[in-house]
Engineer: 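This is the structure I have questions about; it appears just below.
Just so we're on the same page: letters track the sequence lines, and every chain starts at 1.
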2 protein chains.
Amino acid sequence: MNVGGKHYRTIWLKDGDAHVVQLIDQRWLPHSFVIEEVATTAQMVTAIHEMHVRGAGLIGAAAGYGMYLAALEGVERGCLDANLTSSAVSLKAARPTAVNLSWAVDRQLEEMRRALNPQQKLARALATAMAIAEEDAAYCRRIGQHGVALIEEIAQRKNGKPVNVLTHCNAGWLAFVDHGSATAPIYAAHEAGLAVHVWVDETRPRNQGSKLTAWELGQHGVPHTVITDNAGGHLMQRGEVDIVIVGTDRTTYTGDVANKIGTYLKALAAADSNVPFYVALPSSSFDWQIKDGLREIPIEQREPDEVKHADGWADGRQIEVRITPEGSAAANYGFDVTPARLVTGLITERGICQANEQSILALFPEHAP
Amino acid sequence: MNVGGKHYRTIWLKDGDAHVVQLIDQRWLPHSFVIEEVATTAQMVTAIHEMHVRGAGLIGAAAGYGMYLAALEGVERGCLDANLTSSAVSLKAARPTAVNLSWAVDRQLEEMRRALNPQQKLARALATAMAIAEEDAAYCRRIGQHGVALIEEIAQRKNGKPVNVLTHCNAGWLAFVDHGSATAPIYAAHEAGLAVHVWVDETRPRNQGSKLTAWELGQHGVPHTVITDNAGGHLMQRGEVDIVIVGTDRTTYTGDVANKIGTYLKALAAADSNVPFYVALPSSSFDWQIKDGLREIPIEQREPDEVKHADGWADGRQIEVRITPEGSAAANYGFDVTPARLVTGLITERGICQANEQSILALFPEHAP
């Protein structure tokens, strides 16, 4: 997607120097646009661990490139296999709960295992890193192609008035390599010349909405308005939201959706006001083992300090301010589970299905028991 | 309620100097506890206008004392009636939408109109200012006495485990003269030795929850945990909330509840998880004219800058940080309306009733048509 009129992905091989990976360091958004150069696996581990990059798809792509850098280092030092083994361990440990991380590392190891010599392994590592990134972008693009039909249908009855989409957190291109999941139908609609406007939930405590989603929509020229997490229900009640599209961290094969904390509240409001509530996801976000999302998906409790503070920009620098009394405790639940009954449909790279076992498995029959 | 072990109200006549009103300047909470001395009507207008004091009940009490200061000034300068007239105008204009403000000013004017001479008027003004404050505290105390029964009932089936109450925004003693509305049953339960724990919604964008409610509960020794506005639905889904109690800015005689933006989302979640959802209010918050809250209650849109910023404490001072990109728009809806169907009951100074016309008018028959 565009930044300042120029097309970017979130991660790429440096032009003219195949020893360096470049990525957007998201820690400084929306206040500064910083491109980081990553030349070693250790630097990539840091970039993942300290959340210079985040989001399921992007973490997978970063791990893929991380393993390529490990192969480069291994060949240069003449200790390829040992370096791959130790790099795989450190990359996987960088964000232990991120499924895409170990998936990408294992895919690289498997590809290289089948190569005959170090040079071939290196070539395979590069090709695989690029393939992981390309596939991520291609899946998201297809989610956009399927999802845009929903926006087109609403646009037809709005007589040129913008279609109002509400989204929560950042399931944008910054969470993937390009396009994003929840944002892919929005970008596709914008490209197709449909009038679209996005209500961006702030998404406390980390504010991925007001920081990342607002920034990427703004850079790409998509009209949007930031609102507090409290406002979406009121907007739906008053007919100001035509469709809700969110992403997901994990969706069961029965259609229960784990996503950023607060998603469930928006799903309830959508149901109460008959607003369609869609979840966009590449199939890698399905959990084919879990039947009951509410009972079986563990909900991560994060550092209470995130709730006790807000960070932003003042006096020309990033500052974290405390917003609670010194003596007050805080709790920080990272995700919630939206039951399938509140989900109108799922937008995947293969098409749109209902949030139930039958409809999901019809689209992904290879996962049928 | 207590602050640092000492009992305070939000506003009072200075001990030993009946020419000075003292109040807690809430702008610096929770970071500094500042008591302001107000000796002129002009200072009281500023205190109301710039929100040193806020909250329906407290604004009424402040306006009552403001008119007493106007009488003092008028008597000293020998221009009592002129001073009362002009002071009434400036006090009413300090927060134009606050119903309690003009109600208190008019009550003072009416009381003084019936007095025979300046000294009698002054005496009446003082007595009326104190009566307004006393009545506010007494009504809130009665709300607590009625509401505590709900907490007691839950406590009986919890075997000594704390009763978990969720509240939104600040309908605490800081919004009234003492006790608060939503907090009154909580303080009453705490006094009665019942184990009670409060989930405090942060309440973006102005953070009255994390700043004011958390502070006042902490000072009074009530266990509490601050959460983001996104978290309440998840907690209710998991059985971590036994009862929701919120305040209201205006409730129709049919039971529709206008309150701080985000209240509706919590009511939806409570209904979805069978958690009782109560609204606590002195009868002055009923609107006896409006039948359909969703259609007839206008929703104030406030300054978008509140959404674009967060303010808190860093480097030993209060700092406002920007949390959105420079180019992004923001919208700031102040309130939402929770339909009566989602409200389990209303806790008033006369007792608890259901959120419907028949039940409300049975408790307040003088307002029956």
Side-chain angles (χ1 to χ4, degrees), chain A residues 29-31 199-200 202-205 207 210-211 214-215 217-218 223-235 237-238 260-262 264-266 268-269 272 294 299 307-315 318-333 335-337, chain B residues 29-31 199-200 202-205 207 210-211 214-215 217-218 223-235 237-238 260-262 264-266 268-269 272 294 299 307-315 318-333 335-337:
Chain A
L29 292 175
H31 310 299
W199 295 110
V200 178
E202 170 182 14
T203 320
R204 281 278 295 153
N207 287 37
S210 58
K211 284 185 175 169
W215 180 82
L217 291 171
H224 64 281
T225 305
V226 179
I227 50 175
T228 64
D229 301 311
N230 285 319
H234 171 70
L235 290 170
Q237 231 180 7
R238 306 279 164 148
K260 185 62 56 195
I261 189 83
Y264 165 56
L265 292 169
K266 297 302 141 65
L268 285 167
D272 199 49
L294 261 173
I299 298 298
V307 174
K308 294 181 185 174
H309 294 84
D311 81 84
W313 200 252
D315 307 334
Q318 202 145 354
I319 296 178
E320 192 177 72
V321 296
R322 186 165 51 78
I323 58 169
T324 53
E326 296 250 23
S328 292
N332 187 10
Y333 299 86
F335 305 94
D336 62 22
V337 175
Chain B
L29 293 175
H31 309 298
W199 295 110
V200 178
E202 172 182 13
T203 320
R204 280 278 295 151
N207 286 36
S210 58
K211 285 185 174 170
W215 181 81
L217 291 170
H224 64 281
T225 305
V226 179
I227 50 174
T228 64
D229 301 310
N230 285 319
H234 170 70
L235 290 170
Q237 228 180 11
R238 306 279 165 149
K260 184 64 56 198
I261 190 82
Y264 165 56
L265 292 169
K266 297 301 142 62
L268 285 167
D272 199 48
L294 261 174
I299 298 298
V307 174
K308 294 181 186 174
H309 294 84
D311 81 84
W313 200 252
D315 306 334
Q318 202 145 354
I319 296 179
E320 190 176 71
V321 296
R322 186 164 50 78
I323 58 168
T324 54
E326 296 250 24
S328 292
N332 188 9
Y333 299 86
F335 306 93
D336 62 22
V337 175

Engineer: When you measure from the side chain of A/Asn230 to the backbone N and O of B/Thr203, does any donor-acceptor pair fall under 3.5 Å?
Structural biologist: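 Absent.
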Engineer: With a 4.5 angstrom heavy-atom cut-off, which part of A/Glu320 approaches chain B: side chain, backbone, both or neither?
Structural biologist: backbone
Engineer: To check you understand the geometry: which heavy-atom pair defines the closest contact between A/Gly312 and B/Ile323, and what is its length?
Structural biologist: CA-CG2, 4.3 Å
Engineer: Pick from B/Leu265, B/Asp336, B/Ile319: which one has the most heavy-atom pairs with chain A under 4.5 Å?
Structural biologist: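 Top option by heavy-atom pairs under 4.5 Å: B/Leu265.
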Engineer: Dump the intermediate steps for side-chain contact (heavy atoms from CB on, under 4.5 Å) on B/His234 and A/Ile261, then the final yes or no.
Structural biologist: CA-CA 7 Å; B/His234 170 70; A/Ile261 189 83; 3.6 Å; yes
Engineer: In terms of heavy-atom pairs under 4.5 Å with chain B, which of A/Asn207, A/Asp311, A/Val307, A/Leu29 leads?
Structural biologist: A/Val307
Engineer: To the nearest 0.5 Å, what is the distance between OH on A/Tyr333 and OG1 on B/Thr228?
Structural biologist: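 Spacing of OH (A/Tyr333) from OG1 (B/Thr228) equals 10.5 Å.
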Engineer: Is the number of heavy atoms from other residues, nucleotides or ligands under 6.0 Å of A/Glu326 CD greater than 12?
Structural biologist: no
Engineer: Minimum heavy-atom separation for A/Ala331 and B/Thr225, please, with both atom names.
Structural biologist: N-CG2, 3.4 Å
Engineer: Between A/Asp315 and chain B, which part of the residue has a heavy atom less than 4.5 Å away: side chain, backbone, both or neither?
Structural biologist: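 Side chain only.
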Engineer: Name the region of A/Ile299, side chain, backbone, both or neither, that has any atom closer than 4.5 Å to a heavy atom of chain B.
Structural biologist: side chain
Engineer: Where is the tightest heavy-atom contact between A/Ser210 and B/Pro325, given as atom of each residue plus distance?
Structural biologist: O-CD, 3.0 Å
Engineer: Which answer fits A/Asp229, side chain, backbone, both or neither, if we ask what part of it has an atom under 4.5 Å from a heavy atom of chain B?
Structural biologist: both
Engineer: How far apart are the C-alpha atoms of A/Arg238 and B/Leu294, what are their side-chain angles, what is the distance that settles it, and do they pass the side-chain contact (heavy atoms from CB on, under 4.5 Å) test?
Structural biologist: CA-CA 9 Å; A/Arg238 306 279 164 148; B/Leu294 261 174; 3.8 Å; yes
Engineer: Between chain B and each of A/Val200, A/Thr324, A/Val226, count heavy-atom pairs under 4.5 Å; write down the option with the most.
Structural biologist: A/Val226
Engineer: Given that the side chain runs from C-beta out, which part of B/Val337 has a heavy atom under 4.5 Å from chain A: side chain, backbone, both or neither?
Structural biologist: both
Engineer: Among B/Asn332, B/Leu217, B/Leu235, which residue forms the greatest number of heavy-atom pairs with chain A at distances under 4.5 Å?
Structural biologist: B/Leu235
Engineer: To the nearest 0.5 angstrom, please state how far the CD atom of A/Glu202 sits from the CZ atom of B/Arg204.
Structural biologist: 4.0 Å
Engineer: Mind ranking B/Ala310, B/Pro223, B/Gly218, B/Ala269 by heavy-atom pairs under 4.5 Å with chain A and telling me who comes out on top?
Structural biologist: B/Ala269
Engineer: Contact part of B/His224 toward chain A, heavy-atom cut-off under 4.5 Å: side chain, backbone, both or neither?
Structural biologist: both
